[in-house]
Amino acid sequence: MKIYYINRDQSTVRRDWMESQLSQLANDKIHYERISAVEGATLSEAEINAVTEYDKGATRQVI
């Protein structure tokens with residue numbers, strides 16, 4: 001079995017904690033892989049539209 005977890009590059013403490021927990025639980029029988037997360041608030045409108053099917057008539061609230 002393989003587990004994927006999402007983690008921001010800057011969150012090294014959280015990444016270390018996750019990998020520690022996964023190693024203990026997995027007992028080397030479960031493999032895991034980190035997927036680098038993006039900070040959604042920093043994406044441009046073009047970057048968002050490139051990966052979504054955003055309805056051009058809808059409004060989107062930026063938090």
Side-chain angles (χ1 to χ4, degrees):
M1 173 186 260
K2 188 166 192 173
I3 295 174
Y4 296 91
Y5 73 97
I6 302 169
N7 171 259
R8 291 177 42 216
D9 292 341
Q10 301 88 337
S11 300
T12 56
V13 171
R14 184 178 176 101
R15 179 179 60 224
D16 292 343
W17 181 84
M18 274 300 288
E19 291 187 356
S20 169
Q21 295 297 303
L22 287 166
S23 292
Q24 289 177 23
L25 294 171
N27 252 356
D28 297 325
K29 295 179 183 171
I30 298 176
H31 303 282
Y32 56 88
E33 182 176 336
R34 177 181 167 271
I35 298 173
S36 181
V38 297
E39 187 69 41
T42 65
L43 296 175
S44 70
E45 192 74 19
E47 289 171 314
I48 293 169
N49 290 337
V51 296
T52 63
E53 293 185 27
Y54 177 63
D55 181 359
K56 303 298 183 202
T59 58
R60 178 174 42 220
Q61 180 181 3
V62 177
I63 300 173

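The residues of the chain are indexed from 1 along the displayed sequence. Computed over heavy atoms, backbone and side chain alike; hydrogens, waters and symmetry mates excluded.
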Trainee: Among R15, R34, E19, R14, exactly one meets side-chain hydrogen bond (donor to acceptor under 3.5 Å, both in side chains) together with Y5. Which residue is that?
Mentor: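 By the side-chain hydrogen bond (donor to acceptor under 3.5 Å, both in side chains) criterion, Y5 pairs with just one of R15, R34, E19, R14: E19.
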Trainee: Using the rule that Ile, Leu, Val, Met, Phe, Trp and Tyr join whenever any side-chain heavy atoms are under 4.5 Å apart, tell me whether I48 and V51 fall into a single cluster.
Mentor: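 Not linked; separate clusters.
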Trainee: Does I35 CD1 have over 12 foreign heavy atoms under 6.0 Å away?
Mentor: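 Yes, because the 6.0 Å sphere around CD1 of I35 holds more than 12 heavy atoms from other groups.
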